[in-house]
Amino acid sequence: MVNPIHPSNLELQALSVLWYEGPSTVGSVLSALPDGKERAYTTVLSVMQSLEKKKLVRRIRSGRAHVYEPAHSKEAIVQRATDDFITNTFGGRLAEAVLATLSIGSLTPEEKINIERELQRHKTMASKKPAKKKTAKAAKKTTNKTAKKAVKKAAVKKSAAKKAVKKATKKAPVKKKVAKKAPAKKKVAKKKVAKKKVAKKKVAKKALAKKKVAKKVIKKKVAKKAPKKKVAKKKVAKKKVAKKKVAKKKAKK
C-alpha cells in the first residue's frame with residue numbers, strides 16, 4: 001500500500017472532523033474544526049479541495065450538496081503524523097511526549113482506562129521481547145553448529161577428492177604405457193596385412209605368368225597342326241587335278 005501524502009495542520013483538523021463526525025459538507029467541517037478559530041467558508045473549501053487533490057478524501061454528490069468522506073483510516077494518517085511530531089519536537093523520546101500530552105488537560109475516566117490498557121499491553125510486549133531474543137540466540141547457535149558441520153563435511157570431501165586425484169595420478173603412467181603398447185600392436189597388424197597383400201599380388205602375378213605361358217604353348221601347337229592340314233588340302237587338290245586330266249584324255253579318245 002502506498003503511503004498517503006502527509007496533510008498540513010489545518011487539513012488534519014478537517015480530517016479529524018470527518019473521522020469523528022462521518023461524511024460532512026464544507027459548512028459542517030467549518031463549524032466543527034477543533035481549534036474553534038473563525039475562518040471563511042472559502043478557506044475551508046480550499047482545504048477540502050486540497051485534501052481531494054492529495055487523495056486523502058473523496059467527494060460525493062448528495063442532492064445539490066457535496067459531501068466529503070475520508071479516503072484513509074485514522075490510524076494510517078495519525079501514526080505518521082504522531083511519529084513526525086515526536087521526532088521533530090521531542091527527538092523521538094516517547095515518554096516525554098506522553099507526559100507533555102497528559103499535562104495539557106484532564107482525562108475522562110474512559111480515557112484513563114484506555115491509557116492503562118495500552119500501558120499494560122506495552123508491559124506484556126516488553127516481557128515477551130527477551131524470550132524472542134533467547135530464541136533468536138538459540139537459533140543462531142543451531143545455525144552455527146549446522147554451519148560448522150557443513151564445513152567439516154566439505155573438508156572431508158575435499159580430502160577424499162585429493163586422495164582420489166593422487167591415486168589417479170599414480171595410475172596414470174600405467175595407462176600411458178598401455179597406450180604406447182597399443183600403437184605397436186597396430187603397427188604389427190598393419191605390417192602383417194601389408195605382407196599378405198604383397199603375397200597375394202605375387203601369387204596373382206605367377207598365375208598370370210603361367211596363363212601366358214600356357215597360351216603360348218597352345219598357340220605353338222595350333223601353329224604346328226596348321227601346316228599338316230594345308231599339306232593334306234594340297235594333296236587333295238592335286239588328286240582332283242590329276243583326275244580331271246585323266247578324264248580329259250579319255251574324252252579325247
Side-chain angles (χ1 to χ4, degrees), residues 1-140:
M1 181 180 177
V2 179
N3 289 327
I5 298 170
H6 189 62
S8 65
N9 292 333
L10 188 54
E11 288 172 348
L12 276 172
Q13 288 189 50
L15 283 170
S16 68
V17 173
L18 299 180
W19 286 326
Y20 290 102
E21 301 295 332
S24 306
T25 60
V26 176
S28 300
V29 174
L30 175 61
S31 60
L33 286 173
D35 62 1
K37 291 181 180 180
E38 291 185 3
R39 291 182 178 88
Y41 180 88
T42 53
T43 303
V44 178
L45 177 61
S46 62
V47 169
M48 300 309 292
Q49 288 172 348
S50 175
L51 287 170
E52 188 180 3
K53 285 180 182 178
K54 292 179 180 179
K55 295 183 180 180
L56 295 173
V57 298
R58 286 186 291 266
R59 182 162 54 90
I60 303 167
R61 187 74 178 266
S62 179
R64 291 182 179 180
H66 291 276
V67 177
Y68 293 88
E69 66 177 7
H72 298 278
S73 65
K74 176 186 169 185
E75 288 75 15
I77 305 297
V78 170
Q79 186 175 1
R80 188 175 175 189
T82 305
D83 289 340
D84 291 341
F85 171 70
I86 293 169
T87 302
N88 297 327
T89 309
F90 299 96
R93 290 180 283 275
L94 182 61
E96 289 183 12
V98 171
L99 292 172
T101 306
L102 291 172
S103 65
I104 291 170
S106 59
L107 297 171
T108 63
E110 290 181 0
E111 289 172 344
K112 287 179 181 179
I113 290 167
N114 290 332
I115 290 169
E116 286 175 359
R117 283 178 183 172
E118 191 66 22
L119 290 171
Q120 187 63 35
R121 189 174 67 84
H122 277 279
K123 284 180 182 179
T124 53
M125 286 175 67
S127 63
K128 286 179 181 179
K129 282 181 181 178
K132 286 182 180 179
K133 286 181 180 178
K134 286 180 182 178
T135 53
K137 286 181 181 179
K140 282 183 181 180

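No experiment lies behind these values; they were computed from the predicted model shown. The residues of the chain are indexed from 1 along the displayed sequence.
- The shortest distance between side-chain heavy atoms of Pro7 and Ile77 falls below 4.5 Å.
- When all heavy atoms of Ala97 and Ile86 are compared, the pair lying nearest together is CB-CG1, 3.9 Å.
- Annotation: Gln79, atom CD; neighbour count of heavy atoms from other residues, nucleotides and ligands within 6.0 Å does not exceed 12.
- To the nearest 0.5 Å, atom OG1 of residue Thr25 and atom CG of residue Leu45 are 11.0 Å apart.
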- Show your reasoning for whether side chain to side chain contact (heavy atoms under 4.5 Å, CB included) applies to Val98 and Ile115. CA-CA 10 Å; Val98 171; Ile115 290 169; over 6 Å; no
- Step-by-step side chain to side chain contact (heavy atoms under 4.5 Å, CB included) determination, His66 to Met48: CA-CA 11 Å; His66 291 276; Met48 300 309 292; over 6 Å; no
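- Counting non-hydrogen atoms of other residues, nucleotides and ligands closer than 6.0 Å to CG of Asn9 gives a total of 12 or fewer.
- Across Phe90 and Ala100, no two heavy atoms sit closer than the pair CZ-CB, 3.6 Å.
- Side-chain contact check for Glu96 versus Leu99: every heavy-atom pair is 4.5 Å or farther apart.
- In this view, Arg61 satisfies the salt bridge (Lys or Arg N to Asp or Glu O under 4.0 Å) rule with no residue, not counting sequence neighbours.
- Listed for the Thr108 side chain is a donor-acceptor partner under 3.5 Å among the backbone atoms of Glu111.
- Counted by atom type alone, Ser28 and Glu21 present zero donor-acceptor pairs between their side chains at under 3.5 Å.
- Of the inter-residue distances, the one linking Lys55 atom NZ with His72 atom NE2 reads 9.0 Å to the nearest 0.5 angstrom.
- A distance-only check finds a donor-acceptor pair linking the side chain of Thr124 to the backbone of Arg121 [under 3.5 Å].
- Of the possible donor and acceptor atoms, none in the side chain of Ser31 sits under 3.5 Å from a partner among the backbone N and O of Val29.
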- Run the side chain to side chain contact (heavy atoms under 4.5 Å, CB included) check on Leu10 and Arg39 step by step: do they pass? CA-CA 11 Å; Leu10 188 54; Arg39 291 182 178 88; 3.6 Å; yes
